[in-house]
Amino acid sequence: MTKITSIETFDGHGCIVRVTTDDGLVGYGQTAHSEARITGEVLHTLVARNYLGRDPFDVMTLAEECARAEYKYFGSFLFRALAGVDTALWDLVGKARSQPVYQLLGGKFRSSVPVYGSGMRRDTTPEEEVDRMVAAVAEHGFRAVKIKIGERNGRDAESRTGRTWRLVPLLRKELGDDIELSADANGAYSPGQAVRIGRLLEEYDYLHFEEPVPFWEYENTKSVAAALDIPVGLGEQEFSVDTMRRIIQDGTADVIQPDVCYIGGITRARQVADLANLAGLPCVPHSSGRSLTAIFTAHLVTAMPACNLFHEWTIEDASSMRVYEPFPVARNGEVVLSDAPGWGVEIADSVLQRMERRASSL
């Protein structure tokens with residue numbers, strides 16, 4: 001039996017994970033991008049011990065067993081760390097079987113990934129933000145874009161500045177009716193104010209209203225979604241598949257938005273996408289940068305039937321995340337994956353040598 005003998009982390013801009021077996025198989029993954037140093041500590045302390053000496057081809061079993069074994073530490077950092085090893089194993093298995101990960105997930109449900117241009121800034125004026133979106137559409141052919149509105153978990157504070165009230169109609173005016181528009185509040189509003197903003201978005205025919213109230217206020221999200229016609233999204237911050245199941249089962253939101261590296265890797269993100277599919281809800285994974293998470297998400301979207309809307313693609317400068325090649329670019333509003341095995345990308349040793357290495361081994 002093939003055995004995992006080494007799990008390495010490389011902490012630089014994010015935390016790259018390399019898994020190696022006794023017969024020389026190698027796979028690369030990544031933990032959740034932010035707070036990589038803490039996540040790497042959790043990986044080596046809690047996660048690695050559940051994988052060393054095990055068969056890497058038992059990738060889904062190992063993710064389940066690790067989550068159950070470390071139940072006393074159930075939380076965001078555990079699953080951010082688990083994602084690093086899980087994604088590395090999917091790469092390893094894909095390379096061993098000469099198949100891209102999307103084939104391992106069930107095959108190519110769609111030939112390309114339609115993406116929306118996602119702005120990450122709240123410090124721009126409405127005019128500046130519209131100019132950025134117009135430029136992104138012209139350069140990449142996006143057929144959809146998303147803006148940030150409100151103040152992150154801001155208890156309605158931004159409503160006094162008027163930025164959102166000016167930005168929402170101006171974006172529609174400048175981009176016209178042929179571009180789909182969405183807005184992300186990152187928990188900016190109380191329920192009543194969220195409904196007011198949601199009706200503004202409806203007036204200008206926006207596609208999707210993400211996280212209108214703080215994500216942990218599930219009853220408030222459900223009440224806002226019930227009051228509005230615009231679909232309300234939730235799930236970006238969740239690390240528990242069972243919580244995602246409850247969100248879906250209870251009708252809390254209309255769009256389900258797991259982050260591959262927050263939820264614990266491809267194994268668990270796939271479970272959420274399957275739950276959404278069974279419920280007849282669209283799954284639009286969160287993927288706000290262009291680290292390896294963007295590649296993981298593209299494979300998930302390529303394979304999963306529920307991922308039928310536009311998917312997130314940052315318009316911000318992603319040069320610091322260029323730790324792998326080929327580095328993807330959106331063209332004609334879509335991203336197309338190759339048929340190369342595993343994730344279909346390579347990380348040069350020269351890149352890893354610039355990072356801080358730590359290893360757990362048999």
Side-chain angles (χ1 to χ4, degrees), residues 112-152 154 158-159 161-189 193-213 221 224-225 227-236 253-257 281-289 294 297 301 307-316 330-335:
S112 64
V113 177
V115 291
Y116 64 80
S118 184
M120 304 295 164
R121 294 177 60 180
R122 288 182 163 89
D123 61 344
T124 54
T125 67
E127 293 76 17
E128 289 169 341
E129 194 64 10
V130 169
D131 287 347
R132 285 174 5 104
M133 290 299 173
V134 169
V137 168
E139 181 177 359
H140 298 286
F142 294 124
R143 299 185 299 278
V145 300
K146 187 179 78 177
I147 52 172
K148 295 289 190 181
I149 61 173
E151 182 178 312
R152 185 186 299 268
E158 187 270 348
S159 61
T161 72
R163 179 180 182 271
T164 295
W165 293 92
R166 290 186 290 130
L167 174 56
V168 167
L170 183 61
L171 187 64
R172 174 57 74 199
K173 177 183 177 182
E174 295 301 321
L175 285 182
D177 295 333
D178 294 335
I179 303 294
E180 294 282 11
L181 310 180
S182 296
D184 183 2
N186 290 118
Y189 304 115
Q193 186 70 3
V195 170
R196 290 185 68 217
I197 296 295
R199 288 178 179 154
L200 175 69
L201 298 174
E202 289 174 348
E203 179 181 353
Y204 290 95
D205 195 27
Y206 276 55
L207 176 68
H208 167 215
F209 187 9
E210 186 174 341
E211 246 180 38
V213 300
T221 299
V224 171
L228 295 173
D229 293 327
I230 186 173
V232 168
L234 184 65
E236 165 188 339
D254 308 297
V255 181
I256 307 305
Q257 300 195 259
L281 296 178
C283 179
V284 180
H286 170 258
S287 179
S288 59
T297 303
V301 168
C307 298
N308 61 326
L309 294 178
F310 296 96
H311 296 279
E312 189 164 27
W313 199 256
T314 183
I315 69 166
E316 311 301 344
R331 295 184 174 89
N332 299 317
E334 62 184 24
V335 173

* Where at least one partner belongs to residues 134-143, residue pairs that pass salt bridge (Lys or Arg N to Asp or Glu O under 4.0 Å), sequence neighbours excluded -> none

Pairing residues for [X] by the side-chain contact (heavy atoms from CB on, under 4.5 Å) criterion, not counting sequence neighbours:
X: R132; value: R121, T124, E129, I315, E316
X: N308; value: R110, P282
X: T161; value: E158, R163
X: T221; value: V213, V232, L234, T252

* Apply side chain to side chain donor-acceptor pair (under 3.5 Å) to E334 and list each qualifying residue two or more places apart in sequence or on a separate chain. => S112

* Partners passing side chain to side chain donor-acceptor pair (under 3.5 Å) against H208 (at least two apart in sequence or in another chain) -> Q257

* Asked: Listed by chain and number, what are the salt bridge (charged side-chain N to carboxylate O under 4.0 Å, His left out) partners of E210, not counting sequence neighbours?
  -> K146

* Structure fact -> Residues at least two apart in sequence or cross-chain that pass salt bridge (charged side-chain N to carboxylate O under 4.0 Å, His left out) with R166, listed by chain then number, are E127

* Could you tell me which residues satisfy ring-ring contact (aromatic ring centres under 6.0 Å, His included) with H286, sequence neighbours excluded, listed by chain and number? => Y262

* Selection residues 171-184 - residue pairs positive for side-chain hydrogen bond (donor to acceptor under 3.5 Å, both in side chains), sequence neighbours left out -> K148-D184

* Which of these passes side chain to side chain contact (heavy atoms under 4.5 Å, CB included) with L181: L201, D205, L171? -> L171

* If a pair satisfies ring pair (Phe, Tyr, Trp, His ring centres under 6.0 Å) and one of its residues is in residues 121-147, list it, with sequence neighbours excluded. => H140-F142

